[in-house]
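Note sheet for the following structure.
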Amino acid sequence: MALLSIVLPAYNEEQNIANTARVLSRVLEESGIKYELVFVSDGSRDNTFSEIQKAAEGNRRIKGAEFSRNFGKEAAIFAGLGMASGNAVVVMDCDLQHPPEVIPQMWKLWQEGAEVVEGIKLSRGREGLAHKLSAGLFYKIMSRLINMDMNASSDYKLLDRKVVDVLMTLPERNTFFRALSFWVGFRTESVYYEVQERQFGESKWSFISLMKYAVTNATSFSTLPLQLVTVMGVVSILFSIVLFVQTLIRYLSGTAVEGFTTVILLLLIIGGFLMLSLGIIGHYIARIYEEVKGRPKYIISRTTQEAAGGRETGENRRIEDDKF
Ligand code: UDP
Ligand code: MG
């Protein structure tokens with residue numbers, strides 16, 4: 001019987017783990033899906049990992065790992081994908097903002113042959129104004145840059161084993177999971193869901209972290225900002241031609257160019273363009289530098305398997321064959 005793995009990145013979510021594990025187990029057992037839950041604690045500073053361990057002791061379908069520090073949600077998702085052994089893998093937030101009731105629908109579409117099932121947000125749920133604005137701006141920029149409608153898409157999706165294996169072979173360090181699942185293609189279906197209220201704890205995104213996320217993802221997925229540099233160059237050349245002609249005419253007709261105002265303005269404009277362009281190029285060089293170093297995406301410090309005294313060897317780690 002096919003196994004479904006659920007990957008749940010968790011950063012400082014001690015209040016959510018037990019509840020999420022309980023709710024998910026109930027939903028999946030009720031719909032008769034054989035499952036495993038893979039919690040990845042993203043270098044949490046609270047008791048998230050011991051909560052995961054507790055849950056794993058109570059239910060052998062639960063496993064988890066802890067990062068050595070906070071590597072970000074993307075890294076946690078990829079670590080989870082690496083640990084998942086299912087024939088299909090669902091990635092979802094562990095704060096239950098992604099309603100678990102949708103999983104059986106995803107599972108059904110997968111059984112009918114879909115290889116990627118995208119979770120599409122019907123609305124964005126209730127968020128603070130600042131968060132809404134920054135998230136809105138973020139998605140606008142991203143959608144423009146990578147030419148996909150990002151506003152409704154989310155990290156809530158089901159991937160077939162084939163797709164997971166392809167994602168795991170991608171060599172890049174700076175990943176953007178949400179867009180990569182579009183990029184790889186495959187037979188894609190969608191399910192729609194309402195974003196739920198977060199039950200415990202608070203959102204981990206600040207305005208600054210969201211902007212950083214936007215810039216990192218935009219530059220790891222698109223070279224459009226670099227082309228922008230060329231556009232700026234062309235604009236200033238056109239501008240200079242006009243000024244050149246005007247200056248020449250004035251010179252020939254004997255009316256001297258007035259004062260320094262023009263010179264100062266030109267210096268400022270060109271200086272601004274140059275610095276901005278250098279900044280953009282610098283950003284890409286930083287990205288290249290990071291990729292070239294080839295450091296791992298994440299470092300795992302502990303897993304529930306080893307915490308259980310190394311009991312989980314290849315033999316009993318596989319739960320495919322056990323009775324449901
Ligand atoms: N998360 C993570 N690492 C981080 C930040 C967040 O693994 O550095 C996880 C978090 O625990 C949650 C999911 O990513 O399961 C979504 O985070 P959050 O609920 O804070 O974001 P929001 O729902 O507000 O967009
Ligand atoms: Mg959330």
Side-chain angles (χ1 to χ4, degrees), residues 3-25 28 35-86 89-98 100 155-156 159 164 167-168 170 172-177 198-206 209 212-213 216 290 293-314 316-319:
L3 174 71
L4 174 67
S5 303
I6 314 257
V7 168
L8 302 124
Y11 178 51
N12 296 343
E13 304 275 11
E14 57 181 3
Q15 297 155 299
N16 279 311
I17 303 291
N19 181 50
T20 301
R22 197 170 47 239
V23 172
L24 281 176
S25 313
L28 292 161
Y35 67 94
E36 67 169 358
L37 306 184
V38 183
F39 285 97
V40 181
S41 169
D42 184 9
S44 303
R45 280 183 299 252
D46 62 1
N47 290 319
T48 302
F49 188 67
S50 39
E51 283 295 322
I52 296 173
Q53 246 165 347
K54 238 189 274 167
E57 278 156 22
N59 181 350
R60 56 190 298 261
R61 301 181 165 280
I62 298 178
K63 58 183 177 182
E66 167 80 293
F67 281 177
S68 58
R69 64 166 170 86
N70 182 247
F71 279 91
K73 186 181 177 187
E74 291 288 315
I77 291 176
F78 274 84
L81 291 179
M83 290 169 66
S85 48
V89 181
V90 164
V91 175
M92 67 189 289
D93 288 358
C94 76
D95 54 8
L96 289 185
Q97 284 193 284
H98 295 155
D155 284 336
Y156 192 16
L159 306 173
V164 174
L167 286 181
M168 298 309 294
L170 297 181
E172 63 213 68
R173 313 284 132 198
N174 286 299
T175 48
F176 186 34
F177 177 67
R198 183 183 249 280
Q199 276 180 302
F200 307 104
E202 49 191 35
S203 175
K204 307 289 178 290
W205 298 101
S206 62
S209 64
K212 252 174 142 168
Y213 188 67
T216 310
E290 275 161 26
K293 275 191 291 188
R295 293 203 182 137
K297 282 194 196 86
Y298 51 82
I299 300 169
I300 290 178
S301 61
R302 286 176 290 173
T303 65
T304 51
Q305 276 102 330
E306 66 190 50
R311 271 189 289 114
E312 306 271 335
T313 50
N316 53 2
R317 193 182 306 142
R318 289 186 45 203
I319 54 175

The ring-ring contact (aromatic ring centres under 6.0 Å, His included) partners of Phe67 (sequence neighbours excluded) come to Phe71, Tyr298

Donor-acceptor contact below 3.5 Å, side chain His98 vs main chain Met92
no

Quick one: does any side-chain atom of Asp93 pair with a main-chain N or O of Asp95 as donor and acceptor, under 3.5 Å?
no

Heavy-atom pair of closest approach, residues Ser25 and Ala21:
OG-O, 2.5 Å

Would a distance-only check, ignoring hydrogens and angles, find a side-chain to backbone donor-acceptor pair under 3.5 Å from Ser44 to Ser41?
no

Would you please test Ile62 and Thr304 for side-chain contact (heavy atoms from CB on, under 4.5 Å) and show each step?
CA-CA 9 Å; Ile62 298 178; Thr304 51; over 6 Å; no

Quick check: does any side chain N or O of Glu14 sit under 3.5 Å from a backbone N or O of Thr48, one acting as donor and the other as acceptor?
no

Closest approach of Leu96 to Pro100 (non-hydrogen atoms, all atoms of both residues):
CD2-CG, 3.7 Å

Side chain to side chain, Val7 and Val90, heavy atoms closer than 4.5 Å
no

So, do Leu37 and Leu24 sit near enough that their side-chain heavy atoms are less than 4.5 Å apart?
yes

Hey, is Asp42 close enough to Lys73 for a salt bridge, meaning N to O under 4.0 Å?
no

Going by side-chain hydrogen bond (donor to acceptor under 3.5 Å, both in side chains), name the residues that satisfy it together with Glu13, two or more places apart in sequence or in a different chain.
Asn16, Arg198

Determine, for Lys54 against Glu51, whether the closest basic-nitrogen to carboxylate-oxygen distance falls under 4.0 angstrom.
yes

With rounding to the nearest 0.5 angstrom, report the CG to CD distance, Asn47 to Gln53.
10.5 Å

Could you measure the distance from the CG atom of Leu3 to the CZ atom of Arg61? Nearest 0.5 Å is fine.
7.5 Å

Check whether any side-chain heavy atom of Ser301 lies under 4.5 Å from a side-chain heavy atom of Phe49, and answer yes or no.
no

Report yes if some heavy atom in the side chain of Leu28 is under 4.5 Å from a heavy atom in the side chain of Leu4; otherwise report no.
yes

Can you tell if the side chain of Ile300 reaches within under 4.5 Å of the side chain of Ser68, non-hydrogen atoms only?
no

What do the steps show when you test Thr303 against Glu66 for side-chain contact (heavy atoms from CB on, under 4.5 Å), and what is the final call?
CA-CA 6 Å; Thr303 65; Glu66 167 80 293; over 6 Å; no

side-chain contact (heavy atoms from CB on, under 4.5 Å) between Phe39 and Lys63, worked out
CA-CA 6 Å; Phe39 285 97; Lys63 58 183 177 182; over 6 Å; no

A side-chain contact here means heavy atoms from C-beta on lying under 4.5 Å apart; do Leu8 and Val40 qualify?
no

What heavy-atom pair brings Cys94 and Pro9 nearest, and what distance separates the two atoms?
SG-O, 3.5 Å

Mind checking the CZ-NZ spacing from Arg173 to Lys293? Nearest 0.5 Å is all I need.
11.5 Å

Ser5 side-chain N/O to Ala84 backbone N/O, donor-acceptor pair under 3.5 Å
no

What pair of heavy atoms forms the shortest contact from Phe176 to Glu74, and how long is it?
CA-OE1, 3.3 Å

With sequence neighbours excluded, tell me which residues meet side-chain hydrogen bond (donor to acceptor under 3.5 Å, both in side chains) with Arg295.
none

CA sep, side-chain torsions, deciding dist, call: Ser85, Glu36, side-chain contact (heavy atoms from CB on, under 4.5 Å):
CA-CA 8 Å; Ser85 48; Glu36 67 169 358; 3.3 Å; yes

